[in-house]
Structure formats: C-alpha cells, structure tokens
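Written below as structure tokens is the structure these notes are about.
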Amino acid sequence: MKLIRYGDPGREQIGVQLGDINYDVSAFGGDYNEAFFEDNGLARLDEFVKANADRLIPVPEGTRLGSPIARPSKILCIGLNYRDHAEETGAQIPTEPIIFMKSTTSLSGPYDDIIIPKNSTKTDWEVEFGIVIGKKATYVEESAAFDYVAGYVLHNDVSEREFQLERGGTWDKGKGCDTFAPIGPFLATKDEIEDINNIRLWLTVNGKTYQDGNTKNLIFSVPFIISYVSQFMTLLPGDVISTGTPAGVGLGFNPPIYLQPGDVVELGADGLGVSRQTVKAYQS
C-alpha cells in the first residue's frame with residue numbers, strides 16, 4: 001500500500017494511493033501515528049481498503065498533501081553514510097554510524113514551502129531514503145531488522161550549514177528548523193519496494209541536477225542501521241530513520257551553493273515518488 005495524509009496543516013485526513021489516484025479512508029478512523037502502527041494498523045487498513053474498494057472516494061485534485069505519517073516521537077538521521085558525500089565535505093569516512101536528530105516540529109508536507117530560517121545564509125538540501133518503524137524496537141538483531149519496518153519514505157533533510165557546523169555543539173541546531181523535514185508524498189509499505197539496496201535518489205534545484213545517487217552505495221545498510229540505532233534508544237512505531245545523502249549537496253561545491261528565496265527544489269527516489277518545495281525567506 002501507499003499511505004497519504006491530506007488537507008490543511010494540522011488537520012490532515014488519512015488516505016491511500018491506488019494507482020495514481022489518492023483516495024480518502026478517513027472512515028477507517030484515527031491517524032497514521034504511533035497507535036496506528038502499534039495496533040497492527042497496516043494489516044487492518046489493507047482489509048478495510050479491500051472491503052471498500054468500490055466505495056472509496058477520490059481526494060479532489062490539487063488538495064494539499066501532508067507528511068504521510070503524523071508527527072513521530074523521533075526523526076533520526078544517519079550522517080555521512082555515502083562515501084562520496086563524506087569526501088565532498090572533507091569529512092572522515094565513519095567507522096560507526098553518526099546519529100543526529102531533527103526536531104519533530106521540522107516535519108512538513110512534500111510540497112510545502114521551505115522557509116529559510118531567520119539569520120540563515122547557508123540553507124542546503126539533502127535527498128534521502130527514509131525508514132518508518134512499524135513496531136517497538138529495542139536491541140534488535142540485524143537479521144531481524146526488517147520485521148520492525150512499516151515502510152519507506154522520501155525525505156529532504158534540509159540543513160543550515162552555519163548553524164550545523166559553525167555555531168558549536170551538535171549538528172541538531174542546523175537540522176531541526178521549521179519546514180526542514182519535507183516527507184512524502186506517500187509511505188510505501190515494504191511490499192511496494194523490490195530492492196531497497198538499489199534505489200536511485202536524485203535532486204534538482206531550479207531544474208539543474210545536483211544529486212544522483214543510489215542506496216547500493218550506502219556505507220551502513222538499512223538492517224544494520226536499524227539494529228545499531230536500537231542499541232542506543234528504543235524506536236517507537238512511526239519513528240523515522242533517514243539513511244543519509246549522496247554527493248551533490250550545496251556545501252560540497254567550491255564555492256558552496258546555498259538555497260535562495262524563489263528556488264525550486266525537486267527530488268525523488270525509485271518507488272517513493274517525487275516531492276517539490278519552493279524556497280521562501282523567513283517573515284516574522
């Protein structure tokens with residue numbers, strides 16, 4: 001299945017995408033949140049959709065899509081997980097996954113605007129393959145990692161490089177600004193993706209391609225990442241783990257290239273659709 005959420009920010013309804021058409025399933029009840037995934041929601045939703053296939057109502061064209069999952073308990077990210085990206089930023093190749101967090105208030109829809117933060121001059125882009133956790137995970141064995149996956153999402157790990165690298169402390173302060181986590185357009189369940197080790201990722205700015213990578217080049221694999229992260233914290237249903245970005249971020253150019261008001265960012269991944277964000281300046 002492909003899960004969507006649609007409607008005004010903070011008032012999203014749930015839906016599914018069948019073929020290329022989005023359908024309302026709000027009669028199923030609830031939201032795509034921790035309780036949904038914890039209570040066998042995917043299987044129950046599948047039964048509901050099959051039982052009501054002839055009665056589902058299409059979502060009107062042009063309706064805003066929100067993040068396909070409600071605000072999770074955590075948005076976790078793996079830094080420098082592509083060798084070419086580590087090399088372009090001048091960083092050492094990690095020997096263990098680098099973990100940082102994005103604020104859950106950075107979550108936004110796949111077509112929502114990216115707002116350049118107040119006093120920012122170095123806002124950057126990062127296309128990423130994201131994992132959505134399906135059940136509570138603590139000290140997971142790598143061999144069992146896929147049992148804990150609900151599905152996968154497209155994620156733009158928007159980053160402010162000055163805040164991240166020049167302001168002291170951890171990376172988090174450059175990662176968690178409002179609108180810095182556009183996710184979607186949909187959550188693809190595990191059965192929708194044939195081979196997570198061969199997913200092409202790409203990103204353009206104003207029509208020019210900057211990133212064109214593939215998950216086959218991940219330093220740390222999806223099951224390893226799930227197992228590794230679960231050694232340090234409990235993963236809850238609905239949590240997102242973003243697996244890193246390939247080369248081609250603005251920071252990696254000489255001189256660096258950063259997002260400006262009016263820029264249009266478009267990104268996609270095999271099996272996970274395409275998202276598009278317009279960049280706007282912060283206004284108080």
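Note: hydrogens, waters and symmetry copies are ignored here, and every other heavy atom, side chains too, is used.
When atom types are taken as modelled, the side chain of Asn22 and the backbone of Gln17 share no donor-acceptor pair closer than 3.5 angstrom. In this structure a side-chain-to-backbone donor-acceptor pair under 3.5 Å is present from Ser230 to Ser227. At distances below 3.5 Å, at least one donor-acceptor pair connects side-chain atoms of Ser159 with backbone N or O atoms of Asp157. Checking side-chain atoms of Thr179 against main-chain N and O of Ile115 turns up a donor-acceptor pair under 3.5 Å. The backbone N or O of Leu218 lies less than 3.5 Å from no partner atom in the side chain of Asn81, so there is not a single donor-acceptor pair. Side chain of Gln277 to main chain of Pro110: a donor-acceptor pair is present (N/O by atom type, distance under 3.5 Å, no hydrogens or angles).
Using a 4.5 Å cut-off between side-chain heavy atoms of Ile, Leu, Val, Met, Phe, Trp and Tyr, with links allowed through other members, Ile21 and Leu45 fall into the same hydrophobic cluster. Linking Ile, Leu, Val, Met, Phe, Trp and Tyr residues whenever their side-chain heavy atoms come within less than 4.5 Å leaves Phe100 and Phe163 in two separate clusters. One hydrophobic cluster, built from ILVMFWY side chains closer than 4.5 Å, holds both Phe28 and Ile69. The same ILVMFWY cluster, assembled from side-chain heavy atoms under 4.5 Å apart, contains both Ile131 and Leu201. When the side chains of ILVMFWY residues are joined at heavy-atom separations under 4.5 Å, either directly or via intervening members, Tyr139 and Tyr148 end up in two distinct hydrophobic clusters.
Arg5 and Asp31 make their closest contact through NE-OD1, 2.8 Å (heavy atoms, listed as atom of the first residue, atom of the second, distance). Across Phe186 and Leu272, no two heavy atoms sit closer than the pair CZ-C, 3.4 Å. For Pro68 against Leu187, the heavy-atom pair with the smallest separation is CB-N, 3.5 Å. The minimum heavy-atom distance linking Leu42 with Ala150 is given by the pair CD1-O, 3.7 Å.
A salt bridge does not link Asp270 to Arg200: none of the charged side-chain nitrogens sits closer than 4.0 Å to a carboxylate oxygen. With respect to Asp39 and Arg44, a salt bridge is recorded, a charged nitrogen being found less than 4.0 Å from a carboxylate O.
When the side-chain contact (heavy atoms from CB on, under 4.5 Å) test is applied to Pro261, the partners found at least two apart in sequence or on another chain are Ile116, Ala281. Under the rule for a side-chain contact (heavy atoms from CB on, under 4.5 Å), Gln283 has no partner lying at least two apart in sequence or in another chain. With sequence neighbours left out, Ser106 forms a side-chain contact (heavy atoms from CB on, under 4.5 Å) with Ile75, Lys102, Phe180, Ala181. Legend: residues meeting side-chain contact (heavy atoms from CB on, under 4.5 Å) with Glu141, ordered by chain and number and at least two apart, are Ser143. Applying the side-chain hydrogen bond (donor to acceptor under 3.5 Å, both in side chains) criterion to Asn198, with sequence neighbours excluded, gives Asn214.
No side-chain heavy atom of Glu12 sits under 4.5 Å from any side-chain heavy atom of Ser67. No side-chain heavy atom of Val49 sits under 4.5 Å from any side-chain heavy atom of Tyr23. At a threshold of 4.5 Å between non-hydrogen side-chain atoms, the residues Ile4 and Pro185 do not count as touching. Trp202 has its side chain within reach of Val274: a pair of non-hydrogen atoms, C-beta onward, lies under 4.5 Å apart. Asp124 has its side chain out of reach of Val158: every pair of non-hydrogen atoms, C-beta onward, lies at least 4.5 Å apart. Looking at Val229 and Leu76, their side chains come closer than 4.5 Å, going by heavy atoms from C-beta outward.
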Could you tabulate the donor-acceptor pairs under 3.5 Å formed by side-chain atoms of residues 240-259, not counting sequence neighbours?
residue: Ser242; atom: OG; partner: Glu128; partner atom: OE1; Å: 2.6
residue: Ser242; atom: OG; partner: His155; partner atom: ND1; Å: 2.7
residue: Thr243; atom: OG1; partner: Phe129; partner atom: O; Å: 2.7
residue: Thr245; atom: OG1; partner: Val127; partner atom: N; Å: 3.3
residue: Thr245; atom: OG1; partner: Val127; partner atom: O; Å: 2.8
residue: Thr245; atom: OG1; partner: Gln211; partner atom: NE2; Å: 2.7

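Environment of CG in Leu18: crowded, with over 12 heavy atoms of neighbouring residues, nucleotides or ligands closer than 6.0 Å. For Lys280, the NZ atom is loosely surrounded, since the number of other residues' heavy atoms within 6.0 Å does not exceed 12. Atom NZ of Lys136 has 12 or fewer neighbouring heavy atoms from other residues, nucleotides or ligands inside a 6.0 Å radius. Under a cut-off of 6.0 angstrom, the local environment of CD in Gln92 is sparse, with at most 12 non-hydrogen atoms contributed by other residues, nucleotides or ligands.
Between the side chains of Asn119 and Tyr282, no donor N or O sits under 3.5 Å from an acceptor N or O. Between the side chains of Thr138 and Thr234, at least one donor-acceptor pair of N or O atoms lies under 3.5 Å.
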Do Ile219 and Leu80 pass the side-chain contact (heavy atoms from CB on, under 4.5 Å) test, and can you show the C-alpha distance, the side-chain angles, and the key distance before you say yes or no? CA-CA 8 Å; Ile219 296 172; Leu80 305 175; over 6 Å; no
Please step through side-chain contact (heavy atoms from CB on, under 4.5 Å) for the pair Leu3 and Ile14, ending with a clear verdict. CA-CA 8 Å; Leu3 280 58; Ile14 60 173; over 6 Å; no
Go through the steps to decide whether Arg83 and Asn217 satisfy the test side-chain contact (heavy atoms from CB on, under 4.5 Å), and finish with yes or no. CA-CA 8 Å; Arg83 184 177 298 273; Asn217 296 319; over 6 Å; no
Derivation and outcome, side-chain contact (heavy atoms from CB on, under 4.5 Å), residues Leu235 and Val140: CA-CA 10 Å; Leu235 299 169; Val140 172; over 6 Å; no
Give the C-alpha distance, both sets of side-chain angles, the deciding distance and a yes or no for salt bridge (charged side-chain N to carboxylate O under 4.0 Å, His left out) between Asp112 and Arg64. CA-CA 8 Å; Asp112 291 346; Arg64 172 189 175 269; 2.8 Å; yes
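In this structure, CD1 in Ile114 is found 9.5 Å from CG in Asp263, a value given to the nearest 0.5 Å. The CG atom of Leu107 sits 7.5 Å away from atom CZ of Arg71, with the distance rounded to the nearest 0.5 Å. Taking CD1 of Ile226 as the start and CG of Asp239 as the end, the distance is 11.5 Å to the nearest 0.5 Å. Separating the CD atom in Glu266 from the OG1 atom in Thr209 is a distance of 9.5 Å, to the nearest 0.5 Å. Rounded to the nearest 0.5 angstrom, Ser108 OG and Asp113 CG are separated by 9.0 Å. Here the CD-OH distance, from Gln13 to Tyr6, works out to 5.0 Å after rounding to the nearest 0.5 Å.
Between Tyr32 and Phe36, the ring-plane angle classifies as tilted under the 30° and 60° cut-offs. Between Phe232 and Tyr228, the angle of the ring planes lies from 30° to 60°, which puts this pair in the tilted group.
Each of Glu166, Glu160, Glu162 was checked for a salt bridge (charged side-chain N to carboxylate O under 4.0 Å, His left out) with Lys122, and the lone residue meeting it is Glu166.
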